[in-house]
Amino acid sequence: MNKKFYGKTLLMAKEDMSGLEIVNNGWYKLVEVSEEGEINAFLFNGEDKARISRHPFAEEKFSKRLVLPEMEVERIFNSLRYKYLNALLLSGFKNPQKYISADYNKAYQTLAGHTVYQGGTSDRKDNDFFWKNAGFSQAAKDQNWDNERDELQAIIGLLKGLYKNDPEKLYMELIAIKPGLHELLLHPDFFEDIPYSDAPRDIVIRILKNEAEISELSLSKLPNEINKANYFSFASCYATEGPFMFRKNMDVTYLETIRKVRSKMQLSKVYENFHILDYYKADLSSSQKLEEFLQKAEKFKYFIQ
């Protein structure tokens, strides 16, 4: 087996690399590779493991399909980014560029099936109001958004099982994936000081900015935002503004990559480690330009090899 897999816990992707392979209604193929290259294979559902006694995972055709569990999180978010841009195309907007903005976060959330928080307002709107009022079409809404919601629920369940003894490490990486790298790349105020807070998410943001130490985060369990509904919806500008991003190799983590960037002048370090396709700064001023951009973006719906 290739040494890049040594010391890693991996999952098996589908043959077309469009997601994880599922067997026996909710079980996933889990491959643990020791530092010496010994392979142990299991079926795993987030709680229970069932050892596979005979496995072909060392063979080249199968090893190409082995991915880090966190890579599924990346792929799901890229698929949602793609669906948001495709929603602009399906809606026939004359200038799609207008909708590459956090101003349309609520429209995106309701397209994707999330219930928008409206606080205590007396003028409550039907959830569909937000995407309809923004001008999105029924065809945009009818994309299968549930697919990503279900995939995200499944991978979070698997990750919770894999990291049950180290929730801090998992939480830091999930916040670094969303919204961390998005904010680093697109938020001009990323390196500005933020008011102190002992909320776990704010501690992680300070860690990413090198304003706090990793040891300052202590968790007994994952905070509530790491579930299907909350993690799917918060910081929705990751979809409305982008960019598409995918790590270039298995030794890359979002957390450590972001922490190595100490100023906007050092953003090249991100591009060394990630495939990035930015639509926030792209020219999407016509449906034709958007359609051409989507052709470039399609590969991000899959595990990039």
Side-chain angles (χ1 to χ4, degrees), residues 19 72-157 174-175 177-180 182-183 186-187 199-202 222-244 279-280 282 284-287 289-291 293-294 297-298 300-301:
E72 170 70 343
V73 178
E74 293 177 280
R75 188 200 63 77
I76 292 168
F77 288 156
N78 283 329
S79 183
L80 286 167
R81 293 175 175 114
Y82 185 92
K83 282 189 173 177
Y84 178 72
L85 294 184
N86 196 50
L88 304 182
L89 187 65
L90 291 171
S91 299
F93 294 125
K94 291 183 178 180
N95 179 17
Q97 189 76 55
K98 172 185 174 183
Y99 299 85
I100 310 303
S101 166
D103 292 340
Y104 294 91
N105 280 2
K106 289 183 178 179
Y108 157 69
Q109 289 177 7
T110 53
L111 281 172
H114 180 72
T115 300
V116 168
Y117 175 71
Q118 299 184 49
T121 179
S122 59
D123 184 24
R124 300 187 68 81
K125 308 292 186 185
D126 181 82
N127 210 50
D128 287 343
F129 165 84
F130 296 96
W131 64 266
K132 289 180 178 179
N133 187 58
F136 286 91
S137 68
Q138 186 65 47
K141 172 63 175 173
D142 288 344
Q143 295 184 97
N144 184 14
W145 302 92
D146 284 343
N147 187 58
E148 283 75 19
R149 295 176 69 89
D150 292 344
E151 289 171 334
L152 189 61
Q153 182 179 33
I155 191 58
I156 287 176
L174 290 180
I175 297 301
I177 292 174
K178 174 185 185 262
H182 159 85
E183 292 193 359
L186 298 185
H187 289 206
R201 191 193 309 175
D202 292 333
L222 283 175
N224 287 335
E225 65 250 39
I226 306 301
N227 59 41
K228 180 180 71 169
N230 293 339
Y231 193 47
F232 189 93
S233 63
F234 90 83
S236 292
C237 48
Y238 82 91
T240 58
E241 297 179 339
F244 292 96
Y279 50 94
Y280 187 72
L284 302 180
S285 57
S286 70
S287 58
K289 290 178 179 179
L290 174 57
E291 193 166 6
F293 187 87
L294 282 169
E298 187 169 12
F300 285 88
K301 296 192 299 178

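Keep in mind it's a predicted model, so treat the numbers as computed, not measured.
For Glu225 against Ile175, the heavy-atom pair with the smallest separation is OE2-CD1, 4.3 Å. The minimum heavy-atom distance between Asn230 and Asn224, with the atom names listed, is ND2-O, 3.0 Å. Among all heavy-atom pairs drawn from Ser91 and Ala87, the shortest one is OG-O, 2.7 Å. Minimum heavy-atom separation, Leu290 to Leu89: CD2-N, 3.6 Å.
At a threshold of 4.5 Å between non-hydrogen side-chain atoms, the residues Gln153 and Phe232 do not count as touching. Side-chain contact between Tyr108 and Leu80: present, with at least one pair of heavy atoms (C-beta onward) separated by less than 4.5 Å. Residues Asn105 and Cys237 are in side-chain contact: their nearest non-hydrogen atoms beyond the backbone lie under 4.5 Å apart. For the pair Asp142 and Leu90, the minimum side-chain heavy-atom distance is 4.5 Å or more.
If you take OG on Ser287 and NZ on Lys94, they are separated by 10.5 Å, rounding to the nearest 0.5 Å. In this structure, the separation between NZ on Lys301 and CZ on Phe244 is 9.5 Å, given to the nearest 0.5 Å. To the nearest 0.5 Å, atom CD of residue Glu291 and atom CG of residue Asn86 are 9.0 Å apart. For the atom pair Phe234 CZ and Lys178 NZ, the distance stands at 5.0 Å (nearest 0.5 Å). With values rounded to the nearest 0.5 angstrom, Thr240 atom OG1 is found 10.0 Å from Leu85 atom CG. In this structure, the separation between CG on Leu294 and OH on Tyr82 is 5.0 Å, given to the nearest 0.5 Å.
The main-chain N or O of Arg124 is never found under 3.5 Å from a side-chain atom of Thr121 such that the two would form a donor-acceptor pair. The backbone N or O of Ser233 lies less than 3.5 Å from a partner atom in the side chain of Ser236, making a donor-acceptor pair. Of the possible polar contacts, one joining the Tyr279 side chain to the Gly242 backbone as a donor-acceptor pair under 3.5 Å is found.
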Residues 127-136 side chain polar contacts: donor-acceptor under 3.5 Å, at least two apart:
unit_1, atom_1, unit_2, atom_2, d
Asn127, OD1, Val116, N, 3.0
Asn127, ND2, His114, O, 3.0
Asp128, OD1, Trp131, NE1, 3.0

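Qualifying side-chain hydrogen bond (donor to acceptor under 3.5 Å, both in side chains) partners for Asp123, counting only residues two or more places apart in sequence or in other chains: Lys125. Checked against side-chain hydrogen bond (donor to acceptor under 3.5 Å, both in side chains), Lys83 has the following partners two or more places apart in sequence or in another chain: Glu148.
A ring-centre distance under 6.0 Å is found for Tyr231 and Phe77.
Few gaps surround CG on Asp126; more than 12 heavy atoms of other groups in view lie less than 6.0 Å from it. With a 6.0 Å radius and a threshold of 12 heavy atoms from other residues, nucleotides or ligands, Tyr280 has its OH atom at or below the threshold.
Counting only N and O atoms by type, the side chains of Asn78 and Arg75 include no donor and acceptor under 3.5 Å apart.
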